[in-house]
Novice: 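The structure's right below; bear with me while I get my questions together.
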There are 2 protein chains.
Amino acid sequence: MPKIQCSECADTLLPVRDALDVISGKWKLQVIIAIAAGNQRFTEIERSIPGITPKVLNKELKDLEQHYLIKRQVLDTYPVMISYQLTRHAKTLDAVIHMLRDWGKQHRNHIKKQYQQT
Amino acid sequence: MPKIQCSECADTLLPVRDALDVISGKWKLQVIIAIAAGNQRFTEIERSIPGITPKVLNKELKDLEQHYLIKRQVLDTYPVMISYQLTRHAKTLDAVIHMLRDWGKQHRNHIKKQYQQT
DNA sequence: CGGAATCCTCTACGATACTG
DNA sequence: CAGTATCGTAGAGGATTCCG
């Protein structure tokens, strides 16, 4: 008999899953960082992320837009240009990213130490 | 020409990726929570997580052990029993999980508001 | 320029059954 | 009890080419 059913922690699991959906995957974070760094146009972003293909970038941009993390803007030029920019909502991710980065570093150190001991 | 190359932020990307590797995926967090909740034995954990199969649980447990998040202990009984427990290192994940949960909640609210406006 | 179309591979995850 | 073995599926991501 299980001591505690996990159903009660849906209150934790669901939001965490929501958050992870937004930032996990191979490219999402790199795209966010690329735009945060000042790259606004499709090709600009594409070239700032080595290895990404236009198809994948396109999909990531759409995903991020659906999550209201970036805004797509059609510039009235000829030829038409597209500008992508982070929303205010996207900036609230900063703290999360920093925390993940710090824990990730600590984790890697921990692993290394354990490895040296054995 | 890209304004800023993403290579410089490997210092962020790599640790974040390390952290995400540990907690992303459909089951990792549920397993951690199940063990934190007091389930120690394989079958106990299995029954506390609806829908998980032994094969998948086994893989997750091995992954978590490799990351030094849980410890596998063979109990000297007959028949032999196995006990899984969180390490001290695993507890350092708490802050990360709470942050993800909070941001996830806030994110869901944000989405809902935007949806109502349109 | 900013994509869309097509085809492909690889890994996470699942169902079911079996074993020391 | 604590797993393995086998088979199968879906989706993420990749390579290449083409389009308005």
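Numbered from 1 within each chain, the chains take letters A, B, ... in sequence-line order. The shown structure was predicted, so the numbers you read here are calculated from the model rather than taken from an experiment.
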Novice: Of the candidate nucleotides dG13(D), dT16(C), dT4(D), which contains the atom at the shortest distance from the side chain of Trp27(A)?
Specialist: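 For the Trp27(A) side chain, the nearest candidate turns out to be dG13(D).
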Novice: Given dA2(D), is OP1 or OP2 found less than 4.0 Å from the side-chain N or O atoms of Thr43(B)?
Specialist: yes
Novice: In whole Å, what is the span from the CG atom of Asp21(B) to the C1' atom of dA12(D)?
Specialist: 15 Å
Novice: Measure the distance from CD on Glu44(B) to P on dG3(D) and round it to the nearest whole Å.
Specialist: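 The distance from CD of Glu44(B) to P of dG3(D) comes to 13 Å, rounded to the nearest Å.
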Novice: Nearest to the Lys62(B) side chain among dC1(D), dT4(D), dG14(D), which nucleotide is it?
Specialist: dT4(D)
Novice: To the side chain of Lys26(B), which of dG14(C), dA2(D), dG13(D) is closest?
Specialist: dG14(C)
Novice: Can you tell me the distance, in whole Å, between the CG atom of Asn58(B) and the P atom of dT19(C)?
Specialist: 18 Å
Novice: Less than 4.0 angstrom from a charged side-chain N to a carboxylate O is my criterion; do Asp94(B) and Arg101(B) meet it?
Specialist: no
Novice: Of all the heavy-atom pairs spanning Gln40(A) and Ile45(A), show the shortest one and how long it is.
Specialist: O-CD1, 4.0 Å
Novice: Between atom CZ in Arg41(B) and atom C1' in dG3(D), what is the gap in whole Å?
Specialist: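 Answer to the nearest Å: 14 Å.
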Novice: Do Ile111(B) and Leu93(A) belong together in a cluster built from hydrophobic side chains that touch within less than 4.5 Å?
Specialist: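 Different clusters: Ile111(B) never reaches Leu93(A) through Ile, Leu, Val, Met, Phe, Trp or Tyr contacts under 4.5 Å.
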Novice: Measuring from the side chain of Ile82(A) (C-beta onward, heavy atoms only), which nucleotide among dG14(D), dG3(C), dG14(C) has the closest atom?
Specialist: dG3(C)
Novice: Take atom CD of Glu60(A) and atom P of dG11(D), then tell me their distance rounded to the nearest Å.
Specialist: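 Result: 16 Å.
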Novice: Nearest whole Å is fine: how far is dT4(D) P from Glu46(B) CD?
Specialist: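 In whole Å, dT4(D) P and Glu46(B) CD are 13 Å from each other.
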Novice: Could you tell me the separation between the CD atom of Gln40(A) and the C1' atom of dG2(C), rounded to a whole number of Å?
Specialist: 15 Å
Novice: Of the nucleotides dG3(C), dC13(C), dT4(D), which has the atom closest to the Arg72(A) side chain?
Specialist: dG3(C)
Novice: Indicate yes or no: does Lys28(A) engage Glu60(A) in a salt bridge with an N to O separation below 4.0 Å.
Specialist: yes
Novice: Arg47(B) side chain: which of dC1(D), dG14(C), dA2(D) is closest?
Specialist: dC1(D)
Novice: Which part of the nucleic acid does Gly51(A) contact within heavy-atom distance under 4.0 Å: base, sugar-phosphate only, or nothing?
Specialist: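 Touches nothing.
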Novice: May I have the distance from Glu65(B) (atom CD) to dA2(D) (atom P), rounded to whole angstrom?
Specialist: 14 Å
Novice: Side chains of His89(A) and His67(A): any donor to acceptor distance under 3.5 Å?
Specialist: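 Distance-only check fails for His67(A) and His89(A).
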Novice: Examine the base of dG3(C) for any acceptor or donor lying under 3.5 Å from a partner atom in the side chain of Lys55(A), and report the outcome as yes or no.
Specialist: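 In this structure, the two groups form no donor-acceptor pair.
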Novice: Pick base, sugar-phosphate or nothing for Pro79(B), based on heavy-atom distances below 4.0 Å to the nucleic acid.
Specialist: nothing
Novice: Side chain of Pro54(B) only, please: which of dC13(C), dA17(C), dA12(D) is the nearest?
Specialist: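 The nucleotide sitting nearest to the side chain is dA17(C).
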Novice: What's Tyr84(A) touching, base or sugar-phosphate or nothing? Going by heavy atoms closer than 4.0 Å.
Specialist: sugar-phosphate
